[in-house]
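Notes to accompany the following structure.
Here is how names work: the chains are called A, B, and so on, in the same order as the sequence lines, proteins then strands, and each is numbered from 1. In what follows, every heavy atom counts, from backbone to side chain, and hydrogens, waters and symmetry copies are set aside.
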Amino acid sequence: MNLVYLILLPLLTAVLILLARNATQVKLMALIGSAAQIGMSIYLYVAYTTEAAFSKGTQMYFEKQYEWFPSWHITFHLGVDGISVAMILLTAFVVIAGVLVSWNVEKMTKEFYFLLILLSLGAYGFFISLDLFILFFFLEIAVIPKYLLIGIWGSGKKEYSANKLALMLMGGSALVLVGLLGLYFTTPEHSFDLMKLSQVHIPVDVQRICFPLLFVGFGVFTAIFPFHTWVPDGHSSAPTAGSMFLAGISMKLGGYGCLRVATYIMPDGAKEYSTIIIVLSSIAILYGAFATMMQKDLKYINAYSSVSHCGFVLFGIGMLTKTAMTGAVMQMVSHGLMTALFFAVIGMIYERTHTRQVKEMGGLLKVMPFITTLLFIVGLCSLGLPGLSGFVAEMTIFMGSWEHPDMFHRIATIIACMSIVVTAVYILRAVGQTAMGPLKDEYKNLGDAKWNEKAAAIILLTGILAIGIAPSWLNDLIKPATEIIMQKIAGAQ
Amino acid sequence: MNEFCTLLKSELLITVIIFLLLFIKIGKGIKNDGLLAMIQFLLLMNLIAGFFFNKTGSLFGDMFFTSPLIAFQKNILNLGVYLISLLFADWFRKHEHMPEFFILMLSALLGMFFMISSGNLLIFYLSLELATIPVAAMVNFDLDKKISSEGAMKMILSSAFSSGILLFGISLMYGATGTLSFAEIPAALDGSPLQILVLVFLFSGFAFKLSIVPFHLWTADVYEGAPIATTAFLSVISKGSIAFIFITALYKVFQPMSAVWYNMLILLSVATMIIGNLFALRQQNIKRFLAFSSIAQVGFILVGISSNSPQLGITSVVYFILIYVFSNLAAFGVAAVISSQSGKEKIDDYKGLYKTNPFLSWILALALFSLAGIPPTAGFFGKLFLITAGASKSNYGFVTFVALNMIVSLYYYLIVVRAVFMDKNDAPVEKINIHPATKLGLVICGAGVILVGLMSWIYDYILGLT
Amino acid sequence: MIEPGLYHLLFISAALFFIGVFGFFTRRNLVIMLMSIELILNSVNLNFIAFNKYLWPNKLDGLFFTIFIIAIAAAEAAVAIAIIINLYRSHRSIDVENAEEMKF
Amino acid sequence: MSGSTVIFYMLAALTLVSAILSVTTRQIFRAAIFLLFSLIGIAGLYFWMQYEFIAAVQIVVYVGGITVLIIFSIFLTQQAGELLPTQKAGRKLFAALAAFCGFALTMLQVYQHSFNRTNNESIEPNVVNIGNKMLSTGDGGYALPFELVSILLLAALVGCIVIAMRNKSSEKTTDQVISNIEV
Amino acid sequence: MPNATYIALIPLLPLVGFLLLGLFGRKYIKNASGIIGTLLLLVSTILALYVAYGYFFDYGKVNGIYQKLVPLKYTWLEFSPGVSIDMGIMLDPISVMMLVVVSFISLMVHIYSLGYMKGEERFPVYYSFLGLFTFSMLGLVIASNIFQMYFFWELVGVSSFLLIGYYYDKPSAVAACKKAFIVTRFADLGFLIGILVLSYYGGTLDFNTLIQRLTSPESSELKNAMAASFLGLSAITWGVVLVFIGGAGKSAMFPLHIWLPDAMEGPTPVSALIHAATMVVAGVFLVARLFPVFAISAPEALSLIGYVGAVSALIAAVIACTQTDIKRVLAYSTMSQIGYMMFALGVSKYGGEDGLGYTASMFHLFTHAMFKALLFLGAGAVIHFVHSNEMKDMGGLRKQMPITHLTFLIACLAIAGVPPFAGFFSKEEILLAAYQNNTAIYWVALITSGLTAFYMFRLYFNIFWNKDTSLEERAGAEAHGHHSEGGFVMMMPLILLAIGAAAAGFIPFGHFVSSDGTALETKFHVQFSIAPVALGLVGIFTAMAFYKKQNDKPDRIASSLSGLYKAAYHKFYIDELYLFITKKVLFNLIGKPIAWIDKNIVDGVINAIGNITRGISEMIRGFQSGKVQQYAMYFLFGAIGLVVLFIYVWH
């Protein structure tokens, strides 16, 4: 299949949305478009698996290369491996869920959906691009839509949060840019091409400079400690779909970049800095968990827990073992689905109760069983209940990181494990206070989920369960890719 | 003779238009509207003509030199002037001295043309003055505004001062080398202290026009005081032209002293970016804001120039300026429409603009994003290539600094965006019906902002010219 | 007394130049600032002629440069004065200190 | 010591002293007059260097043109006889310092620099040579600058007219301008 | 070889029930849901019995040794070659035994609940949760892979959480379910790390391979595991100890027992099922499952288990004597009995005669399930009748609810270890094993058994004798319309279980279940069993003396040893300790500071950068003074500065 369609489809959708005459048309366009996305991504998965079954060992599938700024040796080079396919699936799921959840946005509907679709465009482009220049291009495309989404449709201190988000992400991409340039000029035939870069051996001293730049740069996107502070504010002020996209997709861009660009191209750097990465990410994991424990606003709770969970991603990458890396990717997918659902649920609750303060709720299970059941499920998922996606990912990471026999990695792993207890604490606090306990009078006659909310939830839930109950498909999807990366790392001195 | 005409084509065309305007003015025949339409048409023709018969060659000894690249640069300026004639139609129509304005603008443009293709310090100086003095007059064209004449005063005096220093430098250069022609100077350069002094004095002359820190201080006041059309002309056309000749001067004339001016560029570009950004943060008046933002942009241009491969540097700078023409003119165009309709020039007045004028808001947003270097706008590519060119010497500290500066600039561009899209305002700018010409101009700018980046062949075309 | 030569002239011109600069910095009256500019330009002319005479008599570059500088000085002065007069109309003063509405 | 030396020093003194006075005096008319003297002094120096043509141009344009222009502008903008406001002492000192530093630096460089000179035979700066060169378009010809300057003058005049004359009589004057321009 | 499909059906049918009732129960099925759940479970119970029959009497035994059969194994998630989570079925004596117990008790509870939970608004939900629990418990017991066990282990925890929180609008219930989940979760952390350790050294997650590798002295894995040591203990000891912590958490061993009493907030049948018969013994089962590793490779760990078990048994027994809430009394007795099982394993050795403890423990597990479930269901009936858990609201119920009274009595006798009831036999074996191996533990056990008898009969007498309140005085009960002690559906399980409690002791358990699979002949020494029985009787009679009639003896005794009494009454203040640790330390000393730091320092720096930038831009605004002369000055300074810089400083 031609990967360009993955970019053209959202583009076309966006154009149609702009052309649409009224709100309902816009929504329909968006829905159809995102449905098409999901169809296409599933088709991609199928095609990929069949292809991969035939030709084992090839790294990238469906490669396409178009001339673009030839004088800079930039080519529009596309291709996917298991990891990208997984991320694309995730994106498609989150996108359609987001579109559905924000069905009753009245304010500037057209612009809203336009920006949403633009975001998805950025994500797809990012995941399929094999040329670091276009990768960067797509990375930055996503920044402004986020800013506008939060700033225009957000709530609370939205301007502040939007600014913070845009600027911190910009800072991240600035670092990335410098790192990329460093790589570009160290390669003999100045090239941004990932495949080419992966073949040449980057001098170690260059790696020493560029790896941290790239890793931290991408890390900002996935809330590396201490650059995570845009996450709570950004998520909490964003509109529901906005938070879903932020946490579900765009935080994953960072993780993907850390893995695919920083770690893969600069194995020496990765090895050299892995200790620091592990320290930072374990801090993020436990620290985020404890910080979550003190939060009172549902969105803040989920935001901080996202910090903690994305810590697992970096943790897995930093461990530099195949299993842990696979786990990291799984965690990206699982966390993406889970947190998207979580935000969707929070949004549903907020729409009804008009508060996100945990204290002010209680006993909602009585009036909105569907939504609160979702809340239970997603909460359990995030505390790693077997049968849901979180368990699979985290266990894989633990198993992988335990493969290091030395004390440091052991302790780091144990610290990471501890977070699952803290997670249990805060999740139960939140869920317990929200769904259980006596019901407040003012909430006596609230309604349960509507069709669109149900649809969105079910879509995401399918993903979560599909991973949680039968993880092997995802595992088999990701493993070959991580194997290749690990080979490169093993090759490094 | 034929060759004479082809080489001097663009200059001759402009001269013809100037005299045409003079005669029309004398024969007081045509109303402003018709005249404006005619001028726009002429400029369009001129722009189109600019694409053909571009040859390499020199005239008048080696005083005048042209090549396809130079022709292209001139045509970028032509484009800019054409867009100006479209974008500020509203203001032109109302102005009683519209033809004079165009006469002055075109003679300044003529000066720039000669400046770009000057092969000799004398011509350079003369054309520089020709590109400056009429503009000073243009600054004063809001005849009954105090700040307008204040701005004009500041401009004429400080430019006279700077040209004094420039001249002093030139005279010493003449003494030290005995020649004025660009072709012969490099041979005579040996980097002696006096020559460094000469270099600095000449450099400051350029720096003044490019408004590089610390020679930039006139910029903001003049921009604010001037009528927006003039401001646009100053910040886009004259900056662009001076940047072109600046590159040639550095790469061709002062090549032997590159070690010195490279450091100078690094130093000043850092200073320029910092100052420009820091001042832009606080600005309330949109023109002043754009003035400082353009100073920061100049900082980026310097980064591009500081590349170690002339070809890379020249191409990226020319490319950037092409993009800069589109984005900056779009911003000024929107500002002009709003101020000429409602007289509002403060950023706070832009609050809630999106509610009433979505088209203008989107164009403005596009322009600002392009200036901030956000994809998919062309500005992203322009900035990126500048930085890449500058990074070719791979000193990471500098490049990192430059990249981080993009954050600050994004911050203040977002201030405007926020005002337009997010902030509430109970008395926003009311619905504006835009003059068709202006609309056309804005659309062209918007299209340019989006397409110039995505169509990579444009870049390669420029590269082919260098 | 020494035989006057190039360096004397250069000294004079440099002195003239910086006298002009000093005047430009200190005089608050716009017209006098303009005069200072004229001084500056003249010092440059003197430079050119001196170099032309003592170093490069083989061509007349310096001389021609001087001629054109003079011409341009005239034009510049004309425009400047026009602007100053206009400024005077609006401000009723040609004191530079009164024309600093735009700042920061 | 020869007469020419004496003359030189006298001219130099005249030029510099009157220049200094013109930028320091508190009476605007005196300033203009001192400027006049200083320009005359420079013209004298040109004569001393046997550049008669330039000297003449200097006298005509500066003394006859620009100074008069300036004096007129003074008439237009200034009540006669009143003293000019002085600048703050601090600023003065500062400016003096700056000017002096610049001067010292420049002279230092100039004196340290060993100028090399041509040894080809020299061209007489007489009117014939100047005229020929001025209008020749070939190598070493100055036709292009000449044209440039004419355009510049045109533009300048147009600008002046628009700015200086606010009343609606700008067309007539433009005619005159055109007739002047056709050089 | 057994047929995997219908073994798989045993856990899957309850799952079907869960999904069916969970998804459609609320809307479509409503009251039928109870029947559906029960029927599904009935089927799987029958299957379980069938499997048990097949295993014990048909294919299980190969030349005198019960094999570990793995009829089904499906790779669920492969980490690296050899190390993978498999979903499988492992049949060996204990798992089969557990299959029977779990499915049987669960069935009883299902039936009982038909009556007990009638008219509940969330009736279907209740049954779906029961289904979920049964599924996960069955999955746990047949797990063939340690990670599979962890998988179901967690699920069990969650379903218990859901069931305890069944009355979700009762704050105490919410608190209890959270507490239960978090405490067990904390223990599971140990289990998880233990798994990591064992899997790292064992190089596999599969039980059989793991045990085989970690027990055979010549295997390289074992050597490595022994070699690697931390704080003086070998890695393998660490591993199993950590695993045991997990078990201790689920089985409410001291000091992780605090959740169990509160868990009584759940509906009583749930307490019977989860917190008496099945889930809480999962810990014991886990240890039994890994018993060879404990016994052969990590004896220190095993003795630890022994002591923990003994201490828990004693403490629980003491506390139980003072509690007034009948369910809490039962809860503590449960804890105490599980303590028995634990230390029985602790004192046991691997193989042959020395494996007595192992057998005894499993035996006691089996019998205990019977009579404890019976006790709870009986208590449930009582509570259902008087609408209170407090002893003071009860008394003299023997006339009003004869069946309950009888069955309850049987159960009490069983647990008190009075022959010939089931409890007697299992307890005897345990004591014997303790006696043979560790006298200290033996004495503790002896005392405990005495206490057990006492508090059980204290309970019995308080409920059924003591003050004679007649029907008339229970007008309240009338109003609620409970003339009888609940219908047939509630009595039938009681009777069945009573039969079990009475007769289960006669099963020759050693023949079926033993540490190494070989049949173990459990002899019966009269002279040995005199002491415990005597003690038990003493306990019973004291209780009778105190509580048969209403009098003030108990209070006097209580006040006479007030210190101990108060301490015991307040459960030795362990709850308070935990509360202190969580609230004060975790929240105030860690959580709050971190939140503060994040808000003010980490985020503060980011904001500070922004503010500083703006501040600077304010500071330098004077630079742009609007004075053209100053502009020129800066110009000149700039030029001169550059000249100086590049001529003199920066060559």
Side-chain angles (χ1 to χ4, degrees), chain B residues 104 120-123 125-126 128-130 132-137 139-140 143-161 163-181 217 220-225 279 282-285 287-288, chain C residues 6 10 13-14 17-18 20-21 24-25 30 33-34 36-41 43-52 54-56 58-59 61-62 64-66 68-69 71-73 75-91 94 96 98-104:
Chain B
L104 292 175
N120 176 310
L121 280 171
L122 174 56
I123 296 294
Y125 168 67
L126 292 179
L128 185 70
E129 289 296 343
L130 178 52
T132 310
I133 294 171
V135 178
V139 171
N140 205 346
L143 286 164
D144 37 20
K145 277 211 191 118
K146 274 175 106 172
I147 56 170
S148 179
S149 44
E150 179 184 337
M153 180 272 286
K154 282 177 175 172
M155 170 146 190
I156 192 77
L157 284 181
S158 35
S159 72
F161 182 78
S163 57
I165 288 190
L166 175 71
L167 275 176
F168 197 69
I170 292 177
S171 67
L172 290 176
M173 168 74 94
Y174 171 62
T177 62
T179 174
L180 294 170
S181 88
L217 289 134
D221 298 358
V222 173
Y223 281 22
E224 186 180 353
F279 272 93
R282 286 184 295 98
Q283 296 310 324
Q284 259 305 316
N285 178 303
K287 274 151 67 184
R288 212 170 165 77
Chain C
L6 172 63
L10 291 183
S13 73
F17 183 87
F18 284 101
V21 169
F24 189 81
F25 287 170
L30 289 170
M33 286 169 76
L34 192 61
S36 323
I37 297 284
E38 300 304 338
L39 282 177
I40 292 174
L41 293 178
S43 78
V44 174
N45 292 350
L46 198 53
N47 258 353
F48 271 112
I49 298 299
F51 282 128
N52 197 343
Y54 288 95
L55 299 181
W56 315 102
N58 57 330
K59 289 215 249 86
D61 289 341
F64 275 100
F65 216 119
T66 313
F68 288 116
I69 289 175
I72 289 199
E76 204 162 35
V79 174
I81 283 168
I83 290 172
I84 290 170
I85 288 170
N86 192 6
L87 186 79
Y88 178 73
R89 287 212 190 104
S90 52
H91 289 64
I94 56 169
V96 68
N98 299 343
E100 30 184 79
E101 213 172 290
M102 299 178 289
K103 58 177 80 162
F104 306 142

Minimum heavy-atom distance between C/I83 and B/A136, given as atom pair plus value: CD1-O, 4.1 Å
Plane angle bin for B/F161 and C/F25 - parallel if under 30°, tilted between 30 and 60°, otherwise perpendicular: tilted
Test log, rule side chain to side chain contact (heavy atoms under 4.5 Å, CB included), inputs B/Y125 and C/F68: CA-CA 10 Å; B/Y125 168 67; C/F68 288 116; over 6 Å; no
Side chain, backbone, both or neither of B/L217 within contact of chain C (heavy atoms, under 4.5 Å): neither
Segment of B/A220 engaging chain C (4.5 angstrom heavy-atom cut-off): neither
Chain B contact via C/N52 - side chain, backbone, both or neither, heavy atoms under 4.5 Å: both
Rounded distance (nearest 0.5 Å) linking atom CG of B/L157 with atom CZ of C/F24: 5.0 Å
Contact winner vs chain C - B/I170, B/L122, B/V139, heavy-atom pairs under 4.5 Å: B/L122
C/E101 backbone acceptor or donor facing B/E150 side chain under 3.5 Å: yes
Closest heavy-atom pair and its distance - C/V96, B/M153: CG2-CE, 4.3 Å
Distance, nearest 0.5 Å, that separates CZ of C/F17 from CD1 of B/I165: 5.0 Å
Option in B/E224, B/Q283, B/M155, B/R288 with maximal non-hydrogen atom pairs under 4.5 Å from chain C: B/R288
C/N86 versus B/S149, closest heavy-atom pair with distance: ND2-CB, 4.3 Å
Non-neighbouring partners of B/S163 that pass side-chain hydrogen bond (donor to acceptor under 3.5 Å, both in side chains), sequence neighbours left out: B/E129
Atom pair CZ (C/F64) and CG (B/L180), whose distance is rounded to the nearest 0.5 Å: 12.0 Å
Partners meeting side-chain hydrogen bond (donor to acceptor under 3.5 Å, both in side chains) with C/S13 (sequence neighbours left out): C/N47
Closest approach of C/L55 to B/G175 (non-hydrogen atoms, all atoms of both residues): CD1-O, 3.5 Å
Heavy-atom pairs under 4.5 Å with chain C, option from B/I156, B/L167, B/T179 with the top count: B/L167
Closest-packed option against chain B by number of heavy-atom pairs under 4.5 Å, given C/L41, C/N58, C/I69: C/I69
Interchain contact, C/I40 with chain B, by part (heavy-atom threshold 4.5 Å): side chain
Check: C/E76 and B/T132 side chains under 4.5 Å, non-hydrogen atoms: no
Rounded distance [0.5 Å steps], OG in B/S181 versus CG in C/D61: 8.5 Å
Atom pair CG/NZ of C/L87 and B/K154 - distance to nearest 0.5 Å: 10.0 Å
Pairwise distance OH(B/Y174) to CZ(C/F48) - rounded to 0.5 angstrom: 8.0 Å
Closest approach of B/G178 to C/K59 (non-hydrogen atoms, all atoms of both residues): O-NZ, 4.3 Å
